*Asks:* 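Here you go, one structure.
Position 1 is the first residue of the sequence, and the numbers go up from there. A quick note: this is a predicted structure, and the numbers were derived from the prediction, not measured.
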Amino acid sequence: MTTETESASHAIDAKIAALDDWRGETLADVRALIRAADPDVIEEVKWRGVPVWSHGGIICTGESYKAVVKLTFAQGAALPDPAGLFNSSLEGNTRRAIDIREGETIDAAAFTALVQAAVAHNLAKKRK
């Protein structure tokens with residue numbers, strides 16, 4: 001019997017495979033970083049096929065557009081970002097995003113810290 005999480009993981013696998021260019025590679029790379037940063041992460045698919053990673057609430061989404069792979073952190077405005085990874089959706093009070101363009105790489109250590117801070121933030125909110 002396939003669980004909902006396994007089904008979502010398969011859907012994300014399929015989405016990555018369908019993006020047979022740099023966007024698929026980028027999404028696969030950040031997915032691996034997210035899973036390594038939080039082994040208890042839950043993978044979901046929402047909003048017409050958007051990959052979503054959650055733990056105690058949404059950590060981030062992974063959307064692919066023609067020119068960018070956008071990682072939107074649901075509570076990004078509340079997270080420390082000493083490496084300055086957030087470069088999009090900076091005007092809002094809640095979300096923050098990272099746009100990755102073709103040829104760009106992400107600082108793995110800083111991204112891992114951001115994912116872990118998002119999880120800690122979600123779990124702290126849940127305890128209240």
Side-chain angles (χ1 to χ4, degrees):
M1 181 173 211
T2 303
T3 67
E4 196 172 319
T5 300
E6 288 171 336
S7 178
S9 290
H10 291 304
I12 294 170
D13 290 340
K15 179 164 188 80
I16 289 169
L19 294 167
D20 61 350
D21 59 12
W22 67 271
R23 296 171 302 162
E25 291 174 24
T26 300
L27 198 54
D29 290 346
V30 294
R31 179 192 197 191
L33 289 173
I34 292 166
R35 291 167 118 178
D38 180 16
D40 296 324
V41 71
I42 296 169
E43 293 188 316
E44 303 171 277
V45 176
K46 298 183 179 196
W47 311 295
R48 296 184 310 215
V50 174
V52 177
W53 292 276
S54 299
H55 185 161
I58 293 175
I59 298 168
C60 69
T61 63
E63 298 173 84
S64 55
Y65 297 99
K66 186 175 183 178
V68 299
V69 169
K70 180 182 283 292
L71 304 168
T72 303
F73 282 71
Q75 299 293 315
L79 303 178
D81 181 24
L85 294 180
F86 291 131
N87 61 7
S88 182
S89 304
L90 302 175
E91 64 284 342
N93 292 331
T94 308
R95 292 185 304 257
R96 293 287 183 272
I98 302 168
D99 285 353
I100 305 170
R101 290 170 176 70
E102 187 172 7
E104 294 179 344
T105 57
I106 193 161
D107 179 328
F111 185 74
T112 296
L114 203 54
V115 169
Q116 291 170 339
V119 172
H121 179 76
N122 286 349
L123 295 178
K125 275 180 43 176
K126 213 168 188 174
R127 281 188 212 107
K128 287 183 179 178

*Asks:* With a 4.0 Å cut-off, would you call Arg31 and Asp13 a salt bridge?
*Replies:*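 Salt bridge present between Arg31 and Asp13.
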*Asks:* Can you name the one residue among Asp40, Val115, Val41 that meets side-chain contact (heavy atoms from CB on, under 4.5 Å) with Arg35?
*Replies:* Val41
*Asks:* Drop me the distance from Ile98's CD1 to Leu114's CG, to the nearest 0.5 angstrom.
*Replies:*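 It is 5.5 Å, given to the nearest 0.5 Å.
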*Asks:* Does a side-chain heavy-atom distance below 4.5 Å link Lys70 with Ser89?
*Replies:* yes
*Asks:* Minimum heavy-atom separation for Leu27 and Pro51, please, with both atom names.
*Replies:* CD2-CG, 4.3 Å
*Asks:* At what distance, to the nearest 0.5 angstrom, does CD of Gln75 lie from CZ of Arg95?
*Replies:* 10.0 Å
*Asks:* Would you compute the distance between atom CZ of Arg96 and atom OG of Ser88 and round it to the nearest 0.5 angstrom?
*Replies:* 10.0 Å
*Asks:* In terms of hydrophobic clusters joined by side-chain contacts under 4.5 Å, are Ile106 and Ile12 together?
*Replies:*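 The answer is yes; both residues are in one hydrophobic cluster.
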*Asks:* Could you give all pairs that pass the ring-ring contact (aromatic ring centres under 6.0 Å, His included) test and reach residues 75-99, with sequence neighbours left out?
*Replies:* Phe73-Phe86
*Asks:* Taking atom CG of Asp29 and atom CD1 of Ile100, what is their separation to the nearest 0.5 Å?
*Replies:*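 It is 8.5 Å, given to the nearest 0.5 Å.
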*Asks:* Once you round to the nearest 0.5 Å, how far does OG of Ser54 lie from CD of Glu43?
*Replies:*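 Reported value, rounded in 0.5 Å steps: 10.0 Å.
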*Asks:* Check for me, please, whether Val52 and Ile42 land in the same ILVMFWY cluster - side-chain distances under 4.5 Å, paths through other members count.
*Replies:*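 Different clusters.
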*Asks:* Test Asp99 against every option in Asn87, Thr72, Val69 by the side-chain contact (heavy atoms from CB on, under 4.5 Å) rule and name the one that passes.
*Replies:* Asn87
*Asks:* Check Ala11 against Val45 and note the closest heavy-atom contact, atom names and distance.
*Replies:*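 Answer, listing the atom of Ala11 first, then Val45: CB-CG2, 3.8 Å.
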*Asks:* For Gly49 and Lys15, work out which heavy atoms get closest and say how close.
*Replies:* O-CD, 3.5 Å
*Asks:* Determine whether Leu71 and Leu85 fall in the same hydrophobic cluster, where Ile, Leu, Val, Met, Phe, Trp and Tyr are linked whenever their side-chain heavy atoms lie under 4.5 Å apart.
*Replies:* yes
*Asks:* For Gln116 and Ala37, indicate whether the former's side chain and the latter's backbone hold a donor-acceptor pair under 3.5 Å.
*Replies:* yes
*Asks:* Do Ile59 and Val30 share a hydrophobic cluster (ILVMFWY, side-chain heavy atoms under 4.5 Å, transitive)?
*Replies:*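 Linked within one cluster.
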*Asks:* Does the side chain of Asp38 come under 3.5 Å of the side chain of His55 through a donor N or O and an acceptor N or O?
*Replies:* yes
*Asks:* Drop me the distance from Glu102's CD to Thr26's OG1, to the nearest 0.5 angstrom.
*Replies:*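 Rounded to the nearest 0.5 Å, the CD-OG1 separation comes out at 8.5 Å.
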*Asks:* Can you get from Leu33 to Leu79 by hopping between Ile, Leu, Val, Met, Phe, Trp and Tyr side chains that sit under 4.5 Å apart?
*Replies:*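 Yes, because Leu33 and Leu79 connect within a single hydrophobic cluster, where side-chain heavy atoms sit under 4.5 Å apart.
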